[in-house]
Trainee: 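Handing you this structure, nothing more for now.
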2 protein chains.
Amino acid sequence: MTTTIKDIAKRTGVSHSTVSRALRGDPLISFATAKRIQQAAAEMAYLPSAAARSLKTNRSQVLGVIVSSIDDPFFSEIVFGIEEAAQESGYRLFIAASQHDPAREQKIVQAMMEHRTDGVIICSSSFSPDQGRQLLEYGFPIVVVNHQGAENFHYSIFHDDVDGSRQITRHLIDLGHRKIAYLGNSLSGRTTLDRLTGFKAEMQSAGLPVPAEYIHHVAGNSPQFGMDDSNYLLNLKQPPTAIVCFNDMLAIGVLKGCRRAGLNVPDDISITGFDNIIFSAYTHPPLTTFDQPKQSIGTEAARLLLDLLHSSPDGKVFQPKEIILKGRLLVRNSTAASPKEH
Amino acid sequence: MTTTIKDIAKRTGVSHSTVSRALRGDPLISFATAKRIQQAAAEMAYLPSAAARSLKTNRSQVLGVIVSSIDDPFFSEIVFGIEEAAQESGYRLFIAASQHDPAREQKIVQAMMEHRTDGVIICSSSFSPDQGRQLLEYGFPIVVVNHQGAENFHYSIFHDDVDGSRQITRHLIDLGHRKIAYLGNSLSGRTTLDRLTGFKAEMQSAGLPVPAEYIHHVAGNSPQFGMDDSNYLLNLKQPPTAIVCFNDMLAIGVLKGCRRAGLNVPDDISITGFDNIIFSAYTHPPLTTFDQPKQSIGTEAARLLLDLLHSSPDGKVFQPKEIILKGRLLVRNSTAASPKEH
DNA sequence: GCCTCGTTTGCACACGTGTGCATAATACTG
DNA sequence: CAGTATTATGCACACGTGTGCAAACGAGGC
């Protein structure tokens with residue numbers, strides 16, 4: 001059986017409460033006995049029961065992380081950042097993937113509640129408002145990352161997607177492109193809208209038209225969607241000379257779609273991504289994209305949540321807070337001067 | 001505050017033990033009162049405390065998953081498989097990334113013990129034997145996936161890497177290649193050795209020599225390593241006409257390295273990967289690789305562990321078990337007939 | 001040597017849930 | 001109707017840890 005503080009108490013001849021205090025470093029206990037107890041604990045390979053502690057203290061030292069999918073490298077990197085910050089403060093992560101499935105979201109929310117997670121970070125742009133409300137009502141401190149329903153939550157971390165998208169678009173305009181299309185992902189809620197907004201804004205300020213058929217949405221994040229739906233844009237009567245893709249995953253698919261259609265990137269058409277996932281440096285040609293500080297987003301989200309946790313006992317209500325991070329344009333080789341019209 | 005079974009007891013005028021039984025579906029409780037209690041519980045939005053339950057039952061309904069890194073798409077897909085199976089059986093996941101860092105591994109092991117995880121799945125090929133021993137001594141049921149130290153553990157899931165590597169190599173030999181190099185990842189322990197073994201075996205059975213300089217190892221899994229170290233192989237006096245890469249991540253980097261060196265894949269040189277991660281279909285050219293059933297590996301690992309958990313109370317000791325899964329060769333366009341010697 | 005004060009430890013209860021056992025309520029048998 | 005079998009419920013304790021409070025201990029001052 002696993003050793004408990006009672007076992008240690010028996011062996012050292014003190015009460016279990018003394019052991020508890022000694023191990024927690026309570027100054028009430030004399031240095032001599034504290035040391036004696038700690039040594040005994042080490043020898044007996046004692047490890048406290050998280051369940052018992054959590055039951056008593058009402059704190060689990062666990063942060064819930066809800067992400068739409070684990071196998072999306074964008075989210076993986078954010079999670080990586082979260083874990084760095086969490087582990088630094090002695091917190092553990094409870095990661096769950098919603099997979100855009102409401103039933104699954106329901107189960108996740110329930111599990112978070114049952115485990116009395118100390119707080120929750122939502123990274124799933126499509127997370128259902130109903131589930132969000134449930135979490136809020138339960139009293140969880142919540143930090144949302146790039147989330148569409150952010151108006152309901154008080155603490156959020158944003159990457160400035162509007163600005164990023166403007167920079168990407170400006171880059172293409174500067175290269176002489178005038179017929180630029182946008183390929184979005186309808187499942188990405190606010191994120192795709194922000195990027196679309198930035199795109200439109202920059203086009204407008206350059207006095208360039210954006211015909212309705214130049215804005216197209218797919219329903220998923222895999223390269224497959226990008227490849228399949230690139231046909232739609234390429235087969236338009238007036239095909240674009242550049243495509244601004246919602247993110248790198250789609251852009252990677254679009255690159256292949258173009259190649260299949262016999263188009264040379266970037267000579268015949270320019271393609272841009274967004275996020276700078278690791279693979280975007282290895283496509284052919286390497287992808288021009290917007291380098292989003294994914295890891296920082298994760299660590300900032302975790303730090304904000306931890307701040308919230310450690311200051312709430314004071315009873316003072318935190319001011320709503322919105323942290324906006326900026327990335328940088330990363331010009332590689334999938335963009336070039338607009339092809340001359342014949 | 002959160003509602004407890006005592007609150008429900010008060011409201012329904014029964015004792016808290018009756019509530020406990022009613023909610024657990026204990027047939028001791030009459031149908032009428034059980035229904036009444038369940039309804040009250042639903043109205044009061046009752047959710048059991050995982051901590052309390054786990055403390056009392058000594059079962060956490062949580063599986064620990066140790067993975068070397070989350071942002072490696074290969075592991076992500078395995079984790080995805082694990083989660084599918086776990087959630088089906090009402091288990092939750094406790095995921096932690098070791099990052100090849102012993103200090104981190106130590107913390108992870110400790111956390112798993114403190115949380116009294118019901119079992120552990122180790123997917124980190126470089127996981128330290130010391131930590132593994134500690135987990136074993138603690139009494140965790142453990143399932144290892146492709147792990148180097150599998151001899152110490154009784155239950156394991158393997159992909160038949162030796163066979164896969166032979167098939168890949170055979171494919172290249174059939175295409176007329178005679179000078180074939182192997183690029184491994186020294187951090188991947190047994191996995192890279194198995195693949196190297198298969199490679200050598202097939203070369204030998206074809207009567208082809210493998211000069212020592214044709215076997216090269218890098219120390220990491222990112223495409224960057226593949227790109228950087230491809231130079232070494234390409235600059236040999238007798239450069240190979242084909243490179244068998246440890247996995248897709250490295251192969252993706254090698255593809256870029258070849259392009260940089262002015263080589264055309266597959267006309268000048270053939271490249272193969274391993275794993276079939278999602279991006280391998282979108283490289284240029286699309287990567288010939290070995291399609292490993294990643295998701296199945298995950299679900300099988302989880303199922304094996306769950307079987308272990310549900311049968312151990314009988315006291316009967318399980319026979320050691322090793323499940324070997326097979327994948328299939330996936331020929332795409334990064335391999336072609338060996339270039340003619342001039 | 002008595003009182004006071006500060007330090008160190010133990011007692012007892014609490015957290016929320018599960019369960020063996022005793023007891024109360026009901027049904028059944030003769 | 002008494003006695004017994006059956007069913008339904010409650011009591012009390014347990015899981016491992018943390019903590020307010022009382023008690024024991026020792027030291028110092030007069």
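Labels below follow one simple rule: chain letters A, B, ... track the order of the sequence lines, proteins then strands, and each chain is numbered from 1.
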Trainee: To the nearest Å, how far apart are Arg24(A) CZ and dG20(D) P?
Mentor: 12 Å
Trainee: Take atom CG of Leu55(A) and atom P of dC13(C), then tell me their distance rounded to the nearest Å.
Mentor: 18 Å
Trainee: Rounded to whole angstroms, how far apart are CZ on Arg59(B) and C1' on dT17(C)?
Mentor: 16 Å
Trainee: Let me know the distance between CG of Asp26(A) and P of dG20(D), rounded to the nearest Å.
Mentor: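 These atoms are roughly 10 Å apart.
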Trainee: Does this structure show an ion pair linking Arg303(B) with Glu84(B), if we count only N-O contacts that are shorter than 4.0 Å?
Mentor: no
Trainee: Just report the end-to-end axis angle for the helix from dG1(C)-dC30(D) to dG30(C)-dC1(D), five pairs per end, to 10 degrees.
Mentor: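 Nearest ten degrees gives 60° for this helix.
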Trainee: Output, in order, the C-alpha distance, side-chain angles, deciding distance and verdict of side-chain hydrogen bond (donor to acceptor under 3.5 Å, both in side chains) for Thr33(A) and Ser30(A).
Mentor: CA-CA 6 Å; Thr33(A) 49; Ser30(A) 75; 2.8 Å; yes
Trainee: Under 3.5 Å, is there a donor-acceptor pair between the side chain of Asn146(A) and the main chain of His159(A)?
Mentor: yes
Trainee: Strictly below 4.0 Å: does Thr4(A) bring a side-chain N or O up to OP1 or OP2 of dG16(D)?
Mentor: no
Trainee: Asp7(A) has an atom CG; how far is it from atom P of dG16(D), in whole Å?
Mentor: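 Computing the Asp7(A):CG to dG16(D):P distance gives 8 Å.
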Trainee: Going by side chain to side chain contact (heavy atoms under 4.5 Å, CB included), name the residues that satisfy it together with Thr4(A), two or more places apart in sequence or in a different chain.
Mentor: Lys6(A), Asp7(A)
Trainee: Hey, could you give me each pair passing salt bridge (Lys or Arg N to Asp or Glu O under 4.0 Å) that has a residue in residues 9-23 of chain A? Not counting sequence neighbours.
Mentor: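 Listed once each, the pairs are Arg11(A)-Glu43(A).
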Trainee: Apply the side-chain contact (heavy atoms from CB on, under 4.5 Å) test between Ile121(A) and each candidate in Ile82(A), Ile157(A), Leu93(A), Ile66(A); give the one that qualifies.
Mentor: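 Only match with Ile121(A) under side-chain contact (heavy atoms from CB on, under 4.5 Å): Ile82(A).
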Trainee: Measure across Ser15(B) and Ala9(B) and return the closest heavy-atom pair with its distance rounded to 0.1 Å.
Mentor: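 That closest heavy-atom pairing would be C-CB, 3.7 Å.
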Trainee: Only pairs under 3.5 Å count here: list side-chain donor-acceptor contacts from residues 70-81 of chain A, not counting sequence neighbours, and write none if there are none.
Mentor:
unit_1: Asp72(A); atom_1: OD1; unit_2: Phe74(A); atom_2: N; d: 2.9
unit_1: Asp72(A); atom_1: OD2; unit_2: Asn221(A); atom_2: ND2; d: 3.0
unit_1: Ser76(A); atom_1: OG; unit_2: Ile70(A); atom_2: O; d: 3.0
unit_1: Ser76(A); atom_1: OG; unit_2: Asp72(A); atom_2: O; d: 3.0

Trainee: For Ala86(B) versus Leu63(B), what's the shortest heavy-atom pair and its separation?
Mentor: CB-CD1, 4.3 Å
Trainee: Applying the side-chain hydrogen bond (donor to acceptor under 3.5 Å, both in side chains) test to Gln131(A), which of Glu105(A), Gln110(A), Gln106(A) qualifies?
Mentor: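 Going through the options one by one, the only one that passes is Gln106(A).
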Trainee: For the pair made of CZ in Arg116(B) and P in dT17(C), what is the distance, rounded to whole Å?
Mentor: 20 Å
Trainee: Check DNA chain C against residues 41-54 of chain A and give the residues with a non-hydrogen atom under 4.0 Å, in numerical order.
Mentor: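 Heavy-atom cutoff 4.0 Å gives no residues at all.
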Trainee: Dump every N/O contact between nucleotides 6-11 of chain D and the protein below 3.5 Å, one line per pair.
Mentor:
unit_1: dT9(D); atom_1: OP2; unit_2: Ser30(B); atom_2: N; d: 3.2
unit_1: dT9(D); atom_1: OP2; unit_2: Ser30(B); atom_2: OG; d: 3.4
unit_1: dT9(D); atom_1: OP2; unit_2: Thr33(B); atom_2: OG1; d: 3.0
unit_1: dG10(D); atom_1: OP2; unit_2: Ser15(B); atom_2: N; d: 2.8
unit_1: dG10(D); atom_1: OP2; unit_2: Ser15(B); atom_2: OG; d: 3.2
unit_1: dG10(D); atom_1: OP2; unit_2: Thr18(B); atom_2: OG1; d: 2.6
unit_1: dG10(D); atom_1: O6; unit_2: Arg21(B); atom_2: NH2; d: 2.4
unit_1: dC11(D); atom_1: N4; unit_2: Ser17(B); atom_2: OG; d: 3.0

Trainee: Output the rounded distance in Å from CG (Asn58(A)) to P (dG16(C)).
Mentor: 7 Å
Trainee: Distance only, no hydrogens: is a donor on one side chain within 3.5 Å (strictly under) of an acceptor on the other, for Tyr138(A) and Arg133(A)?
Mentor: no
Trainee: Separation of Ile5(A) atom CD1 from dA14(C) atom C1', in whole Å?
Mentor: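 Going from CD1 in Ile5(A) over to C1' in dA14(C) covers 13 Å.
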